[in-house]
Amino acid sequence: TGETLMFVKHFGQGAESAAQLVKNAHTGEVLVRKVVMALYRRAPDLLNTPFHPKPPREIEILDRIHSWPEVRGITHYLSQCYSHEYQKAKVSSEAQAGTLYRHVGLWKMCNGGAVIRNDELNAAGTLGIRMTDSIPMAAIGRCIWQVMSSFHFLGHGNPEGIPVQHRDAHPGNIFMHWNTGPVDLDNPSALLPDFILGDFGEA
């Protein structure tokens with residue numbers, strides 16, 4: 001990616017990728033480094049040729065969505081990939097050295113994490129009842145409004161008229177991001193997080 005990054009900690013593990021927290025050594029910004037587990041193989045006789053493989057579908061979809069013009073009256077809250085590339089994978093076999101690659105992307109970190117983590121879901125795929133949790137109604141209303149606004153943009157924002165269907169929307173793919181800058185205390189909504197729709201791998 002051309003940046004000097006420092007490893008902070010492992011951030012999560014999914015069926016198709018692993019996430020790490022890294023810090024940009026120059027700016028101090030903390031990012032999510034997402035490593036796709038699937039390997040991309042190159043033929044040995046092509047190792048000295050330009051390498052420009054097709055990015056994963058999630059990157060393609062988001063790049064396309066973020067290229068759409070703004071639509072008056074519709075605000076969207078979607079995950080953002082800053083940069084991505086294929087990197088050589090570490091392998092134990094010398095015969096495979098230099099021929100296997102993994103896709104690595106740097107993503108904006110949502111500092112509040114997922115609304116519901118996968119490890120908080122029960123075997124039936126639903127949230128177990130936690131009566132001790134008290135979620136302000138204002139936060140619930142903001143989550144509903146922002147997620148529905150993002151869906152509205154996916155359905156009506158494409159200038160070509162073709163909607164994008166997320167196909168994997170659940171609380172584990174909705175991420176909270178709290179404002180870390182100056183807060184306007186006269187604006188109560190500034191005290192609430194934004195709710196970011198992520199994981200477009202099934203779109």
Side-chain angles (χ1 to χ4, degrees), residues 1-5 11-12 14-24 26-38 40 50-87 101-116 142-181 189-190 192-203:
T1 60
E3 300 285 352
T4 301
L5 303 173
F11 197 49
E16 298 182 356
S17 62
Q20 307 159 346
L21 284 188
V22 296
K23 178 182 285 189
N24 187 310
H26 301 293
T27 67
E29 181 180 10
V30 177
L31 306 165
V32 174
R33 182 177 184 265
K34 188 174 180 180
V35 182
V36 177
M37 304 310 297
Y40 183 95
F51 185 48
H52 302 293
K54 187 177 180 179
R57 178 170 176 79
E58 179 179 22
I59 302 292
E60 282 192 306
I61 292 290
L62 280 173
D63 283 349
R64 188 194 318 161
I65 294 171
H66 284 297
S67 73
W68 295 350
E70 295 294 326
V71 179
R72 185 175 182 180
I74 304 179
T75 305
H76 60 83
Y77 304 84
L78 306 175
S79 57
Q80 185 174 0
C81 180
Y82 292 142
S83 63
H84 60 93
E85 64 182 1
Y86 280 87
Q87 296 181 356
Y101 290 75
R102 280 197 173 99
H103 185 270
V104 178
L106 289 179
W107 296 75
K108 179 178 180 179
M109 186 195 72
C110 294
N111 53 26
V115 171
I116 299 174
R142 185 180 179 93
C143 177
I144 294 172
W145 182 82
Q146 290 188 339
V147 171
M148 290 300 101
S149 183
S150 295
F151 283 144
H152 191 99
F153 183 75
L154 295 178
H156 301 277
N158 189 348
E160 298 179 357
I162 303 174
V164 169
Q165 299 180 17
H166 188 281
R167 301 180 190 274
D168 193 26
H170 57 79
N173 285 336
I174 300 171
F175 303 90
M176 297 179 290
H177 187 72
W178 297 86
N179 177 26
T180 57
S189 66
L192 297 171
D194 285 324
F195 294 86
I196 311 299
L197 183 62
D199 199 342
F200 281 74
E202 300 295 328

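These values consider heavy atoms only, across backbone and side chains, with no hydrogens, waters or symmetry-generated copies. Just so it is clear, the structure is predicted and the values come from calculations on it, not from any experiment.
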Please report the shortest heavy-atom distance between [X] and [Y], naming the atom on each side.
| X | Y | result |
| --- | --- | --- |
| Cys143 | Phe195 | CA-CD1, 3.4 Å |
| Leu154 | Leu78 | CD2-CD1, 4.2 Å |
| Pro163 | Gly161 | CD-O, 3.5 Å |
| Val36 | Arg102 | O-CD, 3.1 Å |
| Gly105 | Cys81 | CA-SG, 4.5 Å |

Whether the side chain of [X] engages the backbone of [Y] through a donor-acceptor N/O pair (distance < 3.5 Å, no angle test) should be reported.
| X | Y | value |
| --- | --- | --- |
| Asn24 | Gly28 | no |
| Asn111 | Trp178 | yes |
| His166 | Gly198 | yes |

Exercise. Taking salt bridge (Lys or Arg N to Asp or Glu O under 4.0 Å) as the test, write out the residues that go with Asp194, two or more places apart.
Key: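 Here the qualifying residues are Arg142.
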Measuring from [X]:[atom1] to [Y]:[atom2], what's the distance to the nearest 0.5 Å?
| X | Y | atom1 | atom2 | value |
| --- | --- | --- | --- | --- |
| Arg167 | Asn173 | CZ | CG | 15.0 Å |
| Trp107 | Lys34 | CH2 | NZ | 5.0 Å |
| Ser150 | Ile74 | OG | CD1 | 10.5 Å |
| Leu197 | Asp168 | CG | CG | 9.5 Å |
| Leu21 | Leu31 | CG | CG | 9.0 Å |
| Met109 | Tyr82 | CE | OH | 10.0 Å |

Exercise. Run the numbers on Val104 and Arg33 for side-chain contact (heavy atoms from CB on, under 4.5 Å), then give the verdict.
Key: CA-CA 7 Å; Val104 178; Arg33 182 177 184 265; 3.6 Å; yes
Exercise. Give a yes or no on whether Gln80 atom CD has more than 12 heavy-atom contacts from other residues, nucleotides or ligands under 6.0 Å away.
Key: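 Yes, enclosed.
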Self-check item: Test ring pair (Phe, Tyr, Trp, His ring centres under 6.0 Å) applied to His103 - qualifying residues, sequence neighbours left out
Solution: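 With neighbours one apart ignored, the set is His84, Tyr86.
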For residues [X] and [Y], determine if any side-chain heavy atom of one lies less than 4.5 Å from a side-chain heavy atom of the other.
| X | Y | result |
| --- | --- | --- |
| Leu106 | Leu5 | yes |
| Tyr77 | Trp145 | yes |
| Val32 | Phe11 | yes |

Side chains of residues 59-72: which donor-acceptor pairs under 3.5 Å do they make with residues two or more places apart or in other chains?
unit_1: His66; atom_1: NE2; unit_2: Ser79; atom_2: O; d: 3.0
unit_1: Ser67; atom_1: OG; unit_2: Arg64; atom_2: O; d: 2.6
unit_1: Trp68; atom_1: NE1; unit_2: Arg64; atom_2: O; d: 3.2

Self-check item: Steps toward side-chain contact (heavy atoms from CB on, under 4.5 Å) verdict (Val30, Val22)
Solution: CA-CA 6 Å; Val30 177; Val22 296; over 6 Å; no
